[in-house]
Amino acid sequence: MDLAYSPEEEEFRAGLREWLAKVLPTLPPKPSPDDWPARRAYDLGWQRTLYDAGYAHVHWDASPTVRLIFLEETEKAGAPYVGANFVGLLHAGPTIAAEGTAEQRARWLPPVLRGEEVWCQGFSEPDAGSDLAALRTRAYRDGDDYVITGSKIWTSHAEVADWCELLVRTDPGAPKHRGISWLAMPMDAPGVTVRPLRTLAGSTEFAEVFLDEVRVPVANRVGEENDGWRVTMVTLSFERGTAFVGEVVACRRVLGEVAQEARANGRWDDPGVRRRLGRLNAEFRTLWRLTQWNVSEAESSGGVPGVGGSVFKLRYSRARQELYDAAVEVLGPEGVDLGRAWVLDRLSSLSYTIAAGTSEIQRNIVGERILGLPKG
């Protein structure tokens, strides 16, 4: 498999680097992490800047390789992360681009690209655990609407979102994977209540969402009724396949900084520390090559990442935890200081073996869909 970049792709990279070098020094300071309305405005402003410069299309109207280059170069340059835009740009948007009708694409994609609307993800439920298909949020047809009752948890950016990619059970009598539908729900609809959740790291980017007879037009369904599980697999293929690209680049940068800190504070003299950091360097180099392989595979399959994304997600989530464990070891006693770099990141890293599908679920996918092992 050819992992080399074409001359046109390298030309795109060079132009992007030049543009980033000019525009990043002109950006306003980032708002407080706890001020979500200000963070929403900042993130939307950055997305509008990308749109005006002609770079907004890369998330779903460009080849997977161009998308990879964009995510790599923006992270290396220290550009703002997608932030509150991540569900719209990396999950819902690509899903609608792949599965939506022409009318749905025209309605929902341009506002995301222009930095005008924010999406959240309403998948997980309090009683479903890691078994997403066991969701119980109910939607029944009433004329041209679905009427929805239930609740969601760990709903990313719900308190500042305009839309929610929502999974509902439209046929409670069908086998659990076959009675699900994928809807786009307006967050200002009557009956929607949002309750922010505070994480271990003190942030509130997640929320509980309660739905009390919320009416959503049938026209807002992406895919056929009761075919939502297949549409969800498209969403999750993007979530596990390319959404973490920038974070791999960030981890490689952090690893270099940790090595510099070890040299400065004397921890580099410990052979065990050097071996640990060296192994992590090899780990992230391998993960980057795996990312390139997954992107190359997506190029040949119409742009949708394959199940190889589960291999990546499984190993990346563990490697990220190991990286920040190593960082705290290098810091020594300062590793309990929440004001030090990497300490809060270590707390955040604990969620990565759960977020975007638990490691147990990823192992099932790898065993059944890649290795061909029997279920159970």
Side-chain angles (χ1 to χ4, degrees), residues 1 3-5 68-69 71-78 81 199-201 239-297 307-367 370-371:
M1 182 171 291
L3 300 181
Y5 297 105
L68 175 70
I69 293 171
L71 294 171
E72 177 186 11
E73 292 301 327
T74 50
E75 178 60 42
K76 283 183 176 179
Y81 180 59
T199 69
L200 179 66
E239 185 176 29
R240 297 163 185 167
T242 55
F244 289 115
V245 166
E247 297 190 41
V248 174
V249 178
C251 285
R252 296 179 72 179
R253 172 179 50 77
V254 169
L255 181 60
E257 295 171 354
V258 171
Q260 290 179 345
E261 176 70 20
R263 292 186 179 96
N265 68 12
R267 294 290 290 154
W268 191 256
D269 296 334
D270 183 339
V273 169
R274 294 199 304 274
R275 282 195 299 270
R276 188 174 189 180
L277 298 183
R279 186 183 59 77
L280 282 167
N281 181 54
E283 186 87 39
F284 283 110
R285 287 172 64 90
T286 302
L287 281 168
W288 183 249
R289 297 301 279 179
L290 177 58
T291 298
Q292 292 177 305
W293 188 91
N294 285 337
V295 166
S296 182
E297 182 187 39
V307 293
S310 289
V311 177
F312 170 85
K313 167 60 172 59
L314 180 63
R315 191 52 223 170
Y316 167 73
S317 58
R318 185 59 194 163
R320 183 183 178 95
Q321 291 178 353
E322 292 173 354
L323 167 63
Y324 285 105
D325 284 347
V328 169
E329 179 184 357
V330 167
L331 288 176
E334 295 182 35
V336 296
D337 180 1
L338 294 179
R340 276 302 307 257
W342 312 321
V343 179
L344 282 176
D345 290 321
R346 178 175 181 266
L347 296 180
S348 175
S349 74
L350 299 176
S351 70
Y352 276 70
T353 47
I354 301 173
T358 66
S359 292
E360 289 76 12
I361 294 297
Q362 305 310 320
R363 290 188 181 98
N364 285 345
I365 293 172
V366 171
I370 296 178
L371 301 179

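Computed from a predicted model, the values in this text were never measured in an experiment.
With contacts defined as side-chain heavy-atom distances shorter than 4.5 Å, the pair Trp288/Val249 qualifies. A 4.5 Å side-chain heavy-atom check between Glu261 and Arg267 finds every atom pair outside the cut-off.
Taking CZ from Arg320 and CG from Leu287, the interatomic distance works out to 12.0 Å, rounded to the nearest 0.5 Å. Taken to the nearest 0.5 Å, the CZ atom of Arg275 stands 11.0 Å off from the CZ atom of Arg279. To the nearest 0.5 angstrom, Glu283 atom CD is 12.0 Å from Arg252 atom CZ. A distance of 9.0 Å separates OH of Tyr81 from CD of Glu75, quoted to the nearest 0.5 Å. The distance from atom CG of Leu68 to atom CD of Glu73, rounded to the nearest 0.5 Å, is 9.5 Å.
Between Leu280 and Ala326, the shortest heavy-atom contact is CD1-CB, 3.9 Å. Shortest non-hydrogen contact noted between Ala319 and Phe284 is O-CZ, 3.7 Å. When every heavy atom of Val258 is checked against every heavy atom of Ala327, the shortest pair comes out as CG2-CB, 3.8 Å. Counting all heavy atoms, side chain and backbone alike, Ala262 lies closest to Leu277 at CB-CD1, 4.5 Å.
At a cut-off of 3.5 Å, with distance as the only test, a side-chain donor of Arg318 or Gln321 sits close to an acceptor on the other residue.
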side-chain contact (heavy atoms from CB on, under 4.5 Å) between Leu323 and Trp342, worked out: CA-CA 10 Å; Leu323 167 63; Trp342 312 321; over 6 Å; no
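Counting non-hydrogen atoms of neighbouring residues, nucleotides and ligands closer than 6.0 angstrom, the CZ atom of Arg274 exceeds 12 such neighbours.
At distances below 3.5 Å, not a single donor-acceptor pair connects side-chain atoms of Asn281 with backbone N or O atoms of Leu255.
Salt-bridge formation is detected for the pair Glu322/Arg315: a Lys NZ or Arg NE/NH1/NH2 atom is positioned less than 4.0 Å from an Asp or Glu carboxylate oxygen.
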